[in-house]
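Comments concern the structure below.
When reading the values below, keep in mind they use all heavy atoms of this one structure, side chains included, and skip hydrogens, waters and symmetry mates.
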Amino acid sequence: MEIAENATLVVVDVQQGFEELDFWGPRNNPGADDNIASLIDVWQASGRPVVFVRHDSTQPGSPLRAGHEGNGFKGYVEERRGKGGAELLVTKDVNSAFYGSPDLDAWLKGAGISQIVLAGIQTNMCVETTARMGGNLGYDVVVAFDATYTFDLEGPFGWRCGADEVARASAVSLHGGGFARVVTTEEVVDAAG
């Protein structure tokens with residue numbers, strides 16, 4: 001795998017509100033935060049651009065709503081902001097970082113960037129939606145799977161899936177459907193070094 005010299009790391013919704021497990025329920029991949037931090041460190045050390053995405057929920061009672069403590073980035077992300085090369089903050093109130101402000105697609109194209117690496121929360125929601133849209137827009141999308149996590153989920157007909165099952169299904173859809181290459185953090189770090 002090759003990671004371009006200007007590949008952009010897109011850190012999706014790594015916000016304090018996702019620590020409110022009474023709201024979200026059981027999560028998977030307890031090592032995700034360490035992997036996300038590692039990717040940010042590698043990107044900043046190499047001078048590659050980093051995009052930090054924040055979800056400003058419009059839903060009353062959401063731990064991610066603007067003005068609530070949970071809307072802020074997790075401490076390890078906030079500590080790393082402003083410590084590297086080019087950086088962008090995108091805010092959104094929908095699942096895709098490509099429907100935020102400022103316009104991520106315009107920023108990437110303006111900088112001549114064609115490869116994005118995704119990490120963050122939730123695997124099957126905002127990470128997957130951003131990956132799918134990135135693939136549709138023609139980007140070479142890489143998802144660092146173990147630098148993402150999600151929660152148990154209930155669907156139609158009373159069906160319920162555990163977080164690991166939800167994450168695996170997301171990875172299979174993205175990779176098998178040709179939207180993105182789903183890889184490990186270690187693979188990304190080795191290729192970016």
message = Run Gln44 and Glu87 through side chain to side chain contact (heavy atoms under 4.5 Å, CB included) and show every step you take.
response = CA-CA 9 Å; Gln44 290 178 330; Glu87 186 176 299; 4.2 Å; yes
request  = Using the side chain to side chain contact (heavy atoms under 4.5 Å, CB included) rule, take Ile3 and Arg48 through it: C-alpha gap first, then chi angles, then the decisive distance, then the call.
outcome  = CA-CA 10 Å; Ile3 297 295; Arg48 288 182 175 96; 3.9 Å; yes
key: Ser114 vs Asp140, side chain to side chain contact (heavy atoms under 4.5 Å, CB included): CA-CA, chis, key distance, verdict   = CA-CA 6 Å; Ser114 61; Asp140 175 15; 5.7 Å; no
key: Verdict with reasoning, Ile113 to Trp107, per side chain to side chain contact (heavy atoms under 4.5 Å, CB included)   = CA-CA 9 Å; Ile113 295 165; Trp107 187 82; 4.3 Å; yes
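In terms of heavy-atom proximity, Thr185 sits nearest to Ala144 at OG1-CB, 4.0 Å. Across every non-hydrogen atom of Ala7 and Gln115, the tightest pair is CB-OE1, 3.2 Å. Residues Ala192 and Trp43 approach most closely at CB-CZ3, 3.9 Å, considering heavy atoms. Taking both residues in full, the closest heavy atoms of Gly17 and Pro63 are given as O-CB, 3.5 Å, listed atom of the first, atom of the second, then distance. Smallest separation of non-hydrogen atoms from Leu39 and Ala119: CD1-CB, 4.0 Å. Closest non-hydrogen pair, Phe23 versus Ser62, comes out as CZ-CA, 4.3 Å.
Taking CG of Leu89 as the reference point, atom OG of Ser101 lies at 9.0 Å (rounded to 0.5 Å). Taken to the nearest 0.5 Å, the CD atom of Gln15 stands 12.5 Å off from the CD atom of Glu69. Ile116 CD1 to Asn6 CG: the interatomic distance, rounded to the nearest 0.5 Å, is 12.0 Å. In this structure, Tyr99 OH and Asp93 CG are separated by 12.5 Å, a value rounded to the nearest 0.5 Å. Considering CD of Glu20 and NE2 of His68, their distance stands at 4.5 Å, rounded to 0.5 Å. Taken to the nearest 0.5 Å, the OH atom of Tyr149 stands 7.0 Å off from the CD1 atom of Ile36.
A salt bridge does not link Glu165 with Arg168: none of the charged nitrogens is closer than 4.0 Å to a carboxylate oxygen.
In this structure the side chain of Asp41 reaches within 4.5 angstrom of the side chain of Arg80, judged on heavy atoms. Within the 4.5 Å cutoff, the side chain of Val14 has heavy atoms near those of the Asp33 side chain. In this structure the side chain of Leu174 reaches within 4.5 angstrom of the side chain of Arg132, judged on heavy atoms. At a threshold of 4.5 Å between non-hydrogen side-chain atoms, the residues Lys74 and Ile121 count as touching. Contact annotation: the side chain of Leu88 never approaches that of Pro49 to less than 4.5 Å [non-hydrogen atoms, C-beta and beyond]. Within the 4.5 Å cutoff, the side chain of Asn28 has no heavy atoms near those of the Val166 side chain. Side-chain contact between Phe179 and Glu128: absent, with no pair of heavy atoms (C-beta onward) separated by less than 4.5 Å.
Between the side chains of Asn124 and Thr150, at least one donor N or O sits under 3.5 Å from an acceptor N or O. No hydrogens or angles considered: a donor-acceptor pair under 3.5 Å links the side chains of Tyr139 and Asp105. Judged purely by distance below 3.5 Å, without hydrogens or angles, the side chains of Asp146 and Asn29 never pair a donor atom with an acceptor atom.
Residues Phe73 and Leu104 fall into different hydrophobic clusters, defined by Ile, Leu, Val, Met, Phe, Trp and Tyr side chains chained together at heavy-atom separations under 4.5 Å. Both Val188 and Val77 are assigned to one and the same hydrophobic cluster, defined by single-linkage of ILVMFWY side chains at heavy-atom distances under 4.5 Å. Under the 4.5 Å side-chain heavy-atom criterion for ILVMFWY residues, no single connected hydrophobic cluster contains both Val142 and Val51. Grouping the Ile, Leu, Val, Met, Phe, Trp and Tyr side chains by contacts below 4.5 angstrom, directly or via other members, places Met1 with Val189. Residues Leu118 and Ile40 do not share a hydrophobic cluster, defined by chaining ILVMFWY side chains whose heavy atoms lie under 4.5 Å apart.
In this structure a side-chain-to-backbone donor-acceptor pair under 3.5 Å is missing from His55 to Asp13. With Asn71 contributing its side chain and Leu64 its backbone, the two residues share a donor-acceptor pair below 3.5 Å. Looking only at distances, a side-chain donor or acceptor of Ser173 sits under 3.5 Å from a matching main-chain atom of Ala169.
Screening Leu9, Val143, Val10 for a side chain to side chain contact (heavy atoms under 4.5 Å, CB included) with Val117, the sole residue that qualifies is Leu9. For the side chain to side chain contact (heavy atoms under 4.5 Å, CB included) test with Met133, the passing option among Thr130, Leu137, Thr129 is Leu137; the others fail.
Summarising the local packing, CD of Glu19 is surrounded by more than 12 heavy atoms from other residues, nucleotides or ligands at distances under 6.0 Å. Under a cut-off of 6.0 angstrom, the local environment of CD in Glu154 is crowded, with over 12 non-hydrogen atoms contributed by other residues, nucleotides or ligands.
The aromatic rings of Phe151 and Trp24 sit parallel to each other, their planes meeting at less than 30°, with 60° as the upper class boundary.
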